[in-house]
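Below: one structure, written as C-alpha cells.
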Amino acid sequence: MIDLARYLVGAVRSVSALVRTFVTGREVDDHFVATIEFENGVAGTLEASRLARGRINSNVLEVNGSRGSLVFDLERLNELEVADGTGFRRVLVTERDHPYLGHWWPPGHTLGWGDTVVHELAHLVESIAGEHGVAPHGATFEDGYRCSEVVESILRSAESARREDVRYRS
C-alpha cells in the first residue's frame, strides 16, 4: 500500500498515525490508520486492519486531483474507475486495447491473481535481459528501503502521539 502510494503520488514527507492491537496476546498490530503528507504537498490516508470482517483481500487506492479521480480495488482486479468530469466510468483491462491483453485470453476473459504474478516475473526477466530497468514499474531495493522508513515513522508517530517526519538516510 505504501509502495503503491509512493509510485503514484510521490515520496512521503510525514505521517500521523494510530496503531492498535485488539486481540489479547497477539504480537502484531491489528489495525492502523495514518494521515500522510507527500513531499509534493498532497495529503492522504492509509488504513489497514486484520479484523475487517467481510473484506477478503481489499486494498483500495483512490487518488483525487484537479482534473479527475482514479479508484482501484484489489478485489476488483480487472477494473479501474476513472472520473474526469462526468462521474466515474469503469475501465476494464480485458478490453482489446489494453496493452497487456495480447499475452492472455480473448477479450472479455478475466485475469486473476496468478496472472499478475506472471506479469511481474516477465518484467523481472526482461529487466535481467537488459530490455529495460526494474524501475519505475517494478519495486527496487531503494523502494523497499523507503517503504520501511515510512512504516517506522508510522510506528514512531503512534508511540509519540505526534506527527513524525519520515527520516530517509542519504
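Throughout, residue positions are numbered sequentially from 1 according to the sequence presented.
Proximity of Leu80 to Leu70: side-chain heavy atoms (C-beta onward) are separated by under 4.5 Å at one or more points. Contact check for Arg50 versus Val28: side-chain heavy atoms found under the 4.5 Å cut-off. Looking at His132 and Ser127, their side chains come closer than 4.5 Å, going by heavy atoms from C-beta outward. You'll find the side chain of Leu61 stays beyond 4.5 Å of the side chain of Val71, heavy atoms only.
Among residues two or more places apart in sequence or in another chain, the side-chain contact (heavy atoms from CB on, under 4.5 Å) test is passed with Asn64 by Glu62, Ser69. Judged as a salt bridge (Lys or Arg N to Asp or Glu O under 4.0 Å), and not counting sequence neighbours, Arg163 has no contacts. Residues passing the salt bridge (Lys or Arg N to Asp or Glu O under 4.0 Å) test with Asp84, sequence neighbours excluded: Arg89. With sequence neighbours excluded, the residues satisfying salt bridge (Lys or Arg N to Asp or Glu O under 4.0 Å) with Glu149 are Arg169. For Arg146, the side-chain contact (heavy atoms from CB on, under 4.5 Å) partners two or more places apart in sequence, or in a different chain, are Arg6, Glu142, Tyr168. Partners of Thr116 under the side-chain contact (heavy atoms from CB on, under 4.5 Å) rule, at least two apart in sequence or in another chain, are Leu77, Trp113. Applying the side-chain hydrogen bond (donor to acceptor under 3.5 Å, both in side chains) criterion to His137, with sequence neighbours excluded, gives Tyr7. With sequence neighbours left out, the side-chain hydrogen bond (donor to acceptor under 3.5 Å, both in side chains) criterion links Thr94 to no other residue. For the side-chain contact (heavy atoms from CB on, under 4.5 Å) test, residues two or more places apart in sequence or in another chain that qualify with Arg156 are Glu152, Ser153, Glu164, Arg167. In this structure, the salt bridge (Lys or Arg N to Asp or Glu O under 4.0 Å) partners of Arg76, at least two apart in sequence or on a different chain, are Glu79.
Listed by first and then second residue, the salt bridge (charged side-chain N to carboxylate O under 4.0 Å, His left out) pairs that reach into residues 15-33 are Arg26-Asp30, sequence neighbours excluded.
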- Audit row: Phe72, Val60, side-chain contact (heavy atoms from CB on, under 4.5 Å) steps and yes/no: CA-CA 6 Å; Phe72 174 75; Val60 178; over 6 Å; no
- Message: For Ile154 and Ile2: C-alpha separation, side-chain torsions, deciding distance, then whether side-chain contact (heavy atoms from CB on, under 4.5 Å) applies.
- Response: CA-CA 11 Å; Ile154 287 170; Ile2 294 167; 4.2 Å; yes
Using residues 38-47 as the side-chain source, report each donor-acceptor pair under 3.5 Å to any protein atom, sequence neighbours left out, with the distance given to one decimal.
{"unit_1": "Asn40", "atom_1": "OD1", "unit_2": "Val42", "atom_2": "N", "d": "3.1"}
{"unit_1": "Asn40", "atom_1": "ND2", "unit_2": "Val9", "atom_2": "O", "d": "2.9"}
{"unit_1": "Glu47", "atom_1": "OE2", "unit_2": "His31", "atom_2": "NE2", "d": "3.4"}

